[in-house]
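Shown next, in structure tokens, is the structure this report addresses.
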Amino acid sequence: MSQLEQSFENRIRAAVIKCHQLGYNPSDFEGMLRVSSATRVAEKLVTSGKLQTGLQRLAQMGRLDLSVESIMLESQFEPLFTKQHLEAAQWRLNQVSVHC
């Protein structure tokens, strides 16, 4: 794992901890992180074709900054992902903002 991938992993795990502090337990997401890297989990989520309940919950909480999609789009992490993954992340953020 590259240093950038490790930084992304750390950032994702810090977001999960913050979710717990706010009273939200993203257990399905944590399960995915136990079996795959944060980068792979992010790629899988943004290409899944549906808006996960976790993303919807974060939108309702006003904390999309803790979403995988938002973290993927942070400038330092963009090099980890393809243009298509980044566009999918932005699309999902736009969609959840409209629907929640």
Side-chain angles (χ1 to χ4, degrees):
M1 182 180 299
S2 74
Q3 186 171 351
L4 185 57
E5 288 172 312
Q6 186 61 55
S7 293
F8 182 73
E9 187 94 23
N10 294 342
R11 176 72 175 86
I12 291 292
R13 292 191 183 280
V16 168
I17 290 168
K18 185 65 176 174
C19 286
H20 283 282
Q21 292 170 347
L22 295 170
Y24 168 50
N25 181 14
S27 56
D28 290 343
F29 182 69
E30 289 177 292
M32 294 173 75
L33 288 175
R34 280 192 285 279
V35 297
S36 193
S37 73
T39 306
R40 299 297 155 247
V41 170
E43 291 170 346
K44 181 178 178 181
L45 288 175
V46 299
T47 58
S48 72
K50 66 175 189 167
L51 298 177
Q52 282 78 20
T53 56
L55 181 61
Q56 294 171 1
R57 175 77 185 272
L58 290 172
Q60 292 165 350
M61 294 169 61
R63 293 306 307 262
L64 283 175
D65 60 304
L66 299 175
S67 71
V68 169
E69 292 81 356
S70 290
I71 297 169
M72 287 173 71
L73 292 168
E74 291 177 10
S75 60
Q76 70 266 30
F77 299 127
E78 287 181 357
L80 291 173
F81 303 101
T82 66
K83 180 181 177 196
Q84 291 78 15
H85 285 127
L86 295 171
E87 288 173 351
Q90 186 61 62
W91 182 87
R92 292 165 60 78
L93 289 171
N94 293 343
Q95 291 301 305
V96 77
S97 295
V98 168
H99 296 315
C100 287

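Note that the coordinates shown come from a computational prediction; the quantities given were computed from them, not determined experimentally.
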I want to check something: taking the side chain as every heavy atom from C-beta on, are Leu58 and Cys19 in contact at a cut-off of under 4.5 Å? yes

Quick note, salt bridge (charged side-chain N to carboxylate O under 4.0 Å, His left out) partners involving residues 23-38, not counting sequence neighbours, are none

Contacts of Ala15 meeting side chain to side chain contact (heavy atoms under 4.5 Å, CB included) (sequence neighbours excluded), chain-then-number -> Arg11, Leu66, Ile71

So, do Ile12 and Val41 sit near enough that their side-chain heavy atoms are less than 4.5 Å apart?
no

CD (Gln90) and CD (Gln95) are apart, to the nearest 0.5 Å, by 11.0 Å

For residues 19-40, the ring-ring contact (aromatic ring centres under 6.0 Å, His included) pairs (sequence neighbours left out) are none

Ser75 meets the side chain to side chain contact (heavy atoms under 4.5 Å, CB included) criterion, sequence neighbours left out, with none

Applying salt bridge (Lys or Arg N to Asp or Glu O under 4.0 Å) to Glu87 and not counting sequence neighbours gives Lys83

Distance col, row Arg63:CZ vs Leu22:CG, nearest 0.5 angstrom, shows 5.5 Å

Under a 3.5 Å distance rule, please check whether Ser36 uses its side chain to pair with a backbone N or O of Met32 as donor and acceptor. no

message: Is it the case that atom CD in Gln3 sees more than 12 heavy atoms from other parts of the structure closer than 6.0 Å?
response: no

Output for pair (Leu93 CG, Asp65 CG), nearest 0.5 Å, gives 10.5 Å

With Leu55 as partner, the option from Val68, Val96, Leu45 fulfilling side-chain contact (heavy atoms from CB on, under 4.5 Å) is Val96

The side chain to side chain contact (heavy atoms under 4.5 Å, CB included) partners of Ser48 (sequence neighbours excluded) come to Lys50, Gln52, Arg92

Distance col, row Glu78:CD vs Thr82:OG1, nearest 0.5 angstrom, shows 11.5 Å

Those residues at least two apart in sequence (or on a different chain) that pass ring pair (Phe, Tyr, Trp, His ring centres under 6.0 Å) with Phe77 are Phe8

Glu5 meets the side chain to side chain contact (heavy atoms under 4.5 Å, CB included) criterion, sequence neighbours left out, with Met1, Ser2, Thr39, Arg40, Leu80

Sorted by chain and number, sequence neighbours left out, salt bridge (Lys or Arg N to Asp or Glu O under 4.0 Å) with Glu9 holds for Arg13

